[in-house]
Enquirer: 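After the structure tokens below, expect a handful of questions from me.
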Amino acid sequence: MKVVIAEKPSVGRELAKVFGATTRKDGYIEGKGYTFTWAFGHLLQLAPPQEYGFYGWRKENLPMLPQKFKLSIRKIKTKDGLVEDPAVKKQLDTIKRLFDECDEIIVATDAGREGELIFRYIYYYLKCKKPFRRLWISSQTDEAIKDGFRNLKPGTEYDTLFNSAHARSQSDWLVGMNATQALSISAGNKAVLSLGRVQTPTLAMICARYLEIKNFVPKIYYQVAIQLSKGEQFFKAISTKNFDTKEEAEAVLAKVLDVESGNPTGGHIKNVEGKAKKEPPPLLHDLSSLQQEANKKKGYTADQTLGILQNLYESKLVTYPRTGSRYIGDDIFATVPDLIAKYKSHNFFGKSAEFLLENKLNKRSVNAKKVTDHHAVLPTGIDPGYLPEDKQAIYDMVVGRMLEAFHQDCIKETTKISIESGSDFVANGTVIKTAGWRSVFNDPDDEKKDASENATLPKVDKGENLPVTKKAVVEKQTKPKPQYTEATLLKALETCGKEIEDEELRYAMKDSGLGTPATRASIIETLITREYITREKKNLIPSSKGLAIYDVVKEKKIAQAELTGQWEKRLEEIRGGASVLDFKNEIIDYTRNITQELLVAGAGLEKMLVTG
DNA sequence: GCAAGGTC
């Protein structure tokens, strides 16, 4: 018997279905000489400090550098504290029995670093010696699965991938556990002051933005605004220059040839420029883009959206949610017309669905090379029936985005009218000519609109002279960037690697950013639980505690996104066969340094924690 | 009491 182990039940069941295995047992499915079982993500984790004899939070224990890391069963919080998750324990027992009985294991965890780690932790924890081969697929269609099984790889081909995964895991433990204890102890051991490779740079981003806004000095400037009329229609134009003082603006205002100062047609049209602009549809949703949209439109937190989406996934209404890809492969694309057809008589999306069925689909979101462990989020086409409001809202965002993504470009026409009336003025306007994908929701254009922008402009010709019906000086001021919301923070976590100056580090982070799609919501929640940040309406604002910690760590590597870049670069080298030992030694060195530094630097925090 | 990673 061969046992196939997947990362999660949904994949295990899908594989079983393709093989025609149908005998459902508790925790696995049998049939056709195969047994299909699964994990629930990471069942095992690096054991906590006390399992190496580091009891309590004591300076004498630091830095904690286990000779050999141990694995322990994932814990859950109950009223009696942390206990081994009984569901995990049970599944692990099932896997152990199946591994004992089989003559070969086929590893079908997700095709990536963490997927490899999920399997290897189980394999080594169970002290299993059975041979294993690797299924490596990035699409869950029948064809891709069959093809993958015909091309199983030797398990050892992924040893270096496991090495890099293991190094990532241990490094996070070493730096995170030690830095957290060091800071907490030196601040008087009154509260958990957690630090980590991901959470601390995230906190730093929020604090830096907050301080930038707090210290922002707005600069006042002036513009002159005029209103012109063309027949019955009025439109607004703004001086092409900004003025530093009110006096300069008033001097320009005085020169305007408006009707009131005796000029019936004092607005001379110097030029009219029209341009058509194509706006391609947005890509399909990945988890992060969906969390951003849900935060913007409905105010849901990243964590809420993930929870709702997981729920929809468990009800089989949407595909796998924790994806970082906004693309699908050609195989999935082939199923899209049938999927769209399911919404033909939908009372809101029906029209869009019908349009798409009669027109060529836009393939912007179709690119197999950009599908990583999972493809973009799509509805499954199963009729959801009645859904509560929050689930309905998220479900509609998934369906609506699918319709948008395969829709046509939106065609806009921008018009720029240059006017002279004593001095130079300009009027801008944008008109949607063909709505294309924007017809799905018919939302107002979300692009930034300046106050000088006119929704529609009357048809005017070069050389015309029009009456200037109003004029005024407008006082304006420069604005700081806005505080982070969950939406803008998620975006920043995804893209922060792209702002790194060092080219190699930037490259190393090019498809990762800070954290992963599956973990970013929980990173935000951690910062809130620690009382480092609070939600104020949609904004994420640092607390005095958060700012005090930022002040202690802001110059240190643990607060920089670059640290992840450096690790990613080395981990990729390890995957390519480079020494694990060199990296581990560097991490141990760094752990020693940061621990020492924090044991000193945290002392100043004690007072803040007492006074609040 | 602690990381970051995965999932129910």
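The chains referred to below are lettered A, B, ... by the order of the sequence lines, with proteins before strands, and numbering in each begins at 1. What you see is a predicted model, and the numbers here were worked out from it, not measured in a lab.
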Enquirer: Judged by atom type as modelled, is there a donor-acceptor pair below 3.5 Å linking the side chain of A:Arg520 to the main-chain atoms of A:Gly515?
Expert: yes

Enquirer: Would you kindly say whether A:Asn593 and A:Glu597 are connected by a side-chain donor-acceptor distance under 3.5 Å?
Expert: no

Enquirer: So what does A:Ala191 touch, heavy atoms closer than 4.0 Å: a base, only the sugar-phosphate, or nothing?
Expert: base

Enquirer: Once you round to the nearest 0.5 Å, how far does CD of A:Glu586 lie from CD of A:Gln566?
Expert: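 Output value for this atom pair is 9.0 Å.
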
Enquirer: Pick from A:Phe69, A:Tyr121, A:Tyr158: which one makes a ring-ring contact (aromatic ring centres under 6.0 Å, His included) with A:His166?
Expert: A:Tyr121

Enquirer: Looking at A:Tyr320, I'd like to know if the NZ or CZ of A:Lys8 sits under 6.0 Å from its six-membered ring centre while staying within 45 degrees of the ring's axis.
Expert: yes

Enquirer: So if I define the base as every atom that isn't primed, P, OP1 or OP2, how would nucleotides 2-8 of chain B read as a B/S/- string at a heavy-atom cutoff under 4.0 Å?
Expert: BBBBBBS

